[in-house]
Amino acid sequence: MDKKSLMELLDSLTLNEKIGQLSQVHPTVLFEDGIVTGVINDNTFSEEHIKNIGSVINIFGKDKIRAVQENHLKNSKIPLLFMADVIVGYDVIFPSGLSQGCTFDPELIKKLSRISATEMAADGVNVTFSPMVDLCRDARWGRVSESYGEDVLLNCKMAEAVVKGYQGDDLNALDTVSACVKHFAAYSAPVSGRDYNSVDMSERTLRQEYLRSYKAAVDAGSEMLMTSFNTIAGVPCTIDKRLVKDILRDEWGFKGVVITDHGSLGEQYSTGHGVASNSAEVAKFAIDATVDIEMAGDCLFKNIQNLIQEGKLSEDQIDAAVFRILELKNKLGLFEDPYKYIDNDLYEKIDRQQNLEVAKRAVVEGSVLLKNEDSALPINPESTKVAFIGPYLSCDVTSPVWSFHLKNRIVGPTMENYLKENYPDSDFTYSFGCPILDNGDWVSEFCQEDNDEYFKNEDRYIADAVEKAKNADIVVLALGEHYAYHGESKSRADIRLHKIQRDLVDKIYEANQNITAVIFSGRPLDITDISKKLKSILFVWEPGSMAAEGITDMLFGKELPSGKLSMCIPYCVGQMPIHYSELRTGRYAELGQKHSFGSRFVDAPIKPLYPFGYGLTYTTFEYSDLKIDKTTLTPDSEITVTVSVKNTGQRDAWEIVQMYTHDVVAYMVSRPMKELKDFKRVFIKAGETAQVSFKITEDMLRFYNYDMVYESESGEFEVFVGPDSETTDCVTFTLEK
């Protein structure tokens, strides 16, 4: 349908039909069952309004989607959009966003999104509420698991890759879905790391660091954007005209659909943010901000008609919102055929085995080897007596939390079952050790495991684990954060492993000090104390469908872990929030080592336990001969930076080479000590040396200056190239403008 036809369709609609397009309902409004992913308010949808709704959230399966669409089209000329929280895969479940960030591999992440799009589109889903590109620097916040980490550039690269993976080259194709970038804006920086809490930051920090990943997604063509629950400087983002209309639409040129998060318009009253006295005021704020769709709420449909009659809103504003929604439905081809994603056999033809292999690659690339004393890993399964101990050994919940509601998700075997099936002749023993959580420590319905038998016989379980540890050459502990302790509304004040697991580490250490820990988690954890007792640490995050095979292959050296931290591992929770690209300050850290008045903690270091960009593998790399081809950069030239990276070990492996810059002096605005400007994944064979090069151009050096103009300034710059953000090897150049 061309634009003229769309306009004619819009003109033919009654005001009630237009208002209906702005409403997204929960499946429970249409039928009794349905998946709930947020707070359900007392919505008052009338039967007449339900006939005109524009979209539905979280209905899965072609048969059910067809039934809903058929019933809807009996009363409406406009087909429904079916949207869903498909965050980390549909059938094949991939590692969490944080793990994906650790791959530093945008092409792989684009491939994961392409697979997700194919699987969900073939089952009738049109829009996914992904990617989440919120910049995360506080591990207390539960949703860090969904993010790509603490760095601006990495988030931008991943945002672009995911959007292009979902949407492909043609949104009208049968194997594509619309992306919906979220949560706009700065949702990831709440005070004290507590989900939904207020955000307070300078405009410079907001623009320089937090807005850029959303813009990268918009520039990549994301057709939809979701606003966030939080306030910034006291103003709720979801109704902030300066944020949504002025910046997103007018400044960035976003022409797509803006949707609220689940029920967020209903949170603006005195019982919530307290910025409006009634729902009519909220509806006006939202429409003035150019919000198009209200998710799981009735604020817009109850008030728009009266607001227009009172002259507080114009029908032109509603037309503009509705037209954006119609355009998206048209791009997806729903006017040509509302059943195009249902009346085909693509779902049955998907090569899930091939998709599982890609998922395994993501497990390997996203896992981070933090420690490997005495080359404890890899293990030779043919000649080593191994005691596998710990609650995650037999746990089948190793997927990110947003995958739990997907009916057809591929769970995969537990580590214990996989090992027993594939290594039946190896000298392996297995012991439960302890539950994931302490007795009675439940936080949600996901935590109701039955561990009564364990706590009645705790001494026997511990004795079994200790005995097997004593008789083994090496112990592999499968430990981790409980899967219900991270995700939305799962902020934590204590980010250590659960106490019962820390106690298990102590008991096993007394029996055998040759311990490897495989740690499952949705966030960076405080592992400072237990790390002293571990020879090696493999952080595998939330690995998804291919957890058991991917982890086992890394333990036994069939695969080499190659991930680097996309978010640092803190020394303790008191460091939060923490990130590598902090400002030096006038009382810089090194000053605190000389006398009392430096920027420091008196009871802890200021550096994290493991920094951003850090990660080991089963070989070693040596960096040398860092150089640049010229020492002066101009706006119409570029500088080439090169470094030699030698694989000094015995195994062929991938290395992630990282380039950082430092603006030494900027007028009136302090600049970070390091900023990631580029990175490359390089495969280097044992004993060989790779020449790795980067380009630096003037636009890479821009920032929001004293006058809040985004531009570069002449002066001296340092360039660092190395294996992580702590690298000190640098060369200098001068920018002349």
Side-chain angles (χ1 to χ4, degrees), residues 85 87-88 94-104 109 129-152 154-155 158-159 162 181-183 185-197 199 201 209-210 213-214 228-230 261 366-368 370 398-403 443 480-497 519-527 539-544 563-581 608-614:
D85 290 293
I87 312 300
V88 284
F94 306 118
S96 64
L98 198 55
S99 179
Q100 291 181 32
C102 291
T103 69
F104 282 72
I109 305 314
F129 297 128
S130 172
M132 192 196 95
V133 299
D134 301 320
L135 185 69
C136 295
R137 292 170 170 176
D138 192 335
R140 295 173 298 179
W141 191 56
R143 301 192 75 168
V144 298
S145 61
E146 301 173 51
S147 81
Y148 300 109
E150 70 179 66
D151 181 71
V152 176
L154 184 60
N155 269 264
M158 294 305 186
V162 175
V181 62
K182 62 184 186 182
H183 306 85
Y187 178 47
S188 53
V191 173
S192 74
R194 199 170 72 245
D195 206 0
Y196 316 124
N197 205 0
V199 173
M201 63 175 60
E209 302 176 20
Y210 283 84
S213 53
Y214 309 113
S228 57
F229 290 113
N230 58 283
D261 209 335
S367 295
V368 184
L370 296 175
T398 60
S399 295
V401 291
W402 279 112
S403 66
V443 296
E481 181 182 44
H482 195 283
Y483 43 86
Y485 267 66
H486 54 257
E488 186 170 354
S489 191
K490 299 298 188 301
S491 300
R492 290 183 65 187
D494 183 350
I495 57 172
R496 294 176 295 174
L497 280 176
I519 299 180
F520 297 78
S521 181
R523 57 161 55 84
L525 296 173
D526 172 359
I527 57 171
F539 230 90
V540 298
W541 311 105
E542 302 165 279
K564 301 267 192 172
L565 289 174
S566 61
M567 192 172 177
C568 68
I569 302 291
Y571 180 87
C572 62
V573 71
Q575 293 179 323
M576 297 289 103
I578 185 174
H579 58 98
Y580 81 91
S581 56
L609 186 64
Y610 296 104
F612 172 84
Y614 177 85

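Heavy-atom basis, side chains included; hydrogens, waters and symmetry copies ignored.
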Exercise for the section: Search all heavy atoms of Asp138 against all heavy atoms of Met576 and return the closest pair with its distance. Expected result: OD1-CB, 3.4 Å
Handout entry: Derivation of the side chain to side chain contact (heavy atoms under 4.5 Å, CB included) call for Ser399 and Val88
Key = CA-CA 9 Å; Ser399 295; Val88 284; over 6 Å; no
Practice task
Could you tell me whether the side chain of Val152 reaches within less than 4.5 Å of the side chain of Leu135, counting heavy atoms only?
Solution key: yes
Practice task
Starting at SG of Cys102, measure out to CZ of Phe539 and round the result to the nearest 0.5 Å.
Solution key: 9.5 Å
Problem - SB check Glu209 Arg137 (cutoff 4.0 Å) - result: yes
Exercise for the section: Dump the intermediate steps for side chain to side chain donor-acceptor pair (under 3.5 Å) on Asp134 and Tyr210, then the final yes or no. Expected result: CA-CA 7 Å; Asp134 301 320; Tyr210 283 84; over 6 Å; no
Handout entry: Pairwise side-chain contact, Ser491 with Trp141, heavy-atom cut-off 4.5 Å (strictly under)
Key = yes
Handout entry: Backbone N/O of Gly366 and side chain of Gln100: donor-acceptor pair under 3.5 Å
Key = no
Handout entry: Donor-acceptor under 3.5 Å (Asp261 side chain, Phe229 main chain)
Key = no
Handout entry: Among Glu481, Arg492, Arg523, the one residue meeting side-chain hydrogen bond (donor to acceptor under 3.5 Å, both in side chains) with His486
Key = Glu481
Practice task
Determine yes or no for a side-chain-to-main-chain donor-acceptor pair under 3.5 angstrom, with Thr398 supplying the side chain and Pro543 the backbone.
Solution key: no
Exercise for the section: State, with a plain yes or no, whether a side-chain heavy atom of Pro577 is found less than 4.5 Å away from one of Arg140. Expected result: yes
Problem - Euclidean distance, Cys136 SG relative to Met567 CE, rounded to 0.5 Å - result: 5.5 Å
Fill in the blank from the handout: Heavy atoms of Leu370 and Tyr614 approach each other most closely as O-OH, 3.1 Å
Fill in the blank from the handout: Shortest non-hydrogen pair, Gly101 vs Leu154, comes out as O-CD2, 3.6 Å
Exercise for the section: Specify the closest pair of heavy atoms between Pro400 and Pro95, including all atoms of both residues, with the distance to one decimal. Expected result: CG-C, 4.0 Å
Exercise for the section: Would you confirm whether Ser99, through its side chain, and Ser96, through its main-chain N or O, come within 3.5 Å as a donor-acceptor pair? Expected result: no
Handout entry: Exam field: side chain Tyr187 to backbone Asp195, donor-acceptor pair closer than 3.5 Å
Key = no
Exercise for the section: Search all heavy atoms of Phe104 against all heavy atoms of Gly613 and return the closest pair with its distance. Expected result: CZ-CA, 4.4 Å
Handout entry: Gap between atom OG1 of Thr103 and atom CE of Met158 - 0.5 Å precision
Key = 4.0 Å
Handout entry: Leu98 side chain near Ser147 side chain, heavy-atom distance below 4.5 Å
Key = yes
Practice task
Grab the two heavy atoms, one from Met201 and one from Ala186, that are nearest each other, plus how far apart they are.
Solution key: CE-CB, 4.2 Å
Completion exercise
d(Asn197 CG, Asn230 CG) to nearest 0.5 Å is 9.0 Å
Practice task
Rounded to the nearest 0.5 Å, what's the gap from CD1 on Ile527 to OG on Ser521? Could you check?
Solution key: 9.5 Å
Practice task
With the side chain counted from C-beta on, respond yes when Cys568 and Tyr580 share a heavy-atom pair under 4.5 Å apart, and no when they do not.
Solution key: no
Fill in the blank from the handout: Separation between CE (Met132) and OH (Tyr214), nearest 0.5 Å, reads 8.0 Å
Completion exercise
Only residue of Glu146, Glu488, Glu542 satisfying side-chain hydrogen bond (donor to acceptor under 3.5 Å, both in side chains) with Trp402 is Glu146
Practice task
Kindly indicate whether the side chain of Ile569, heavy atoms from C-beta on, has any atom under 4.5 Å from the side chain of Pro524.
Solution key: yes
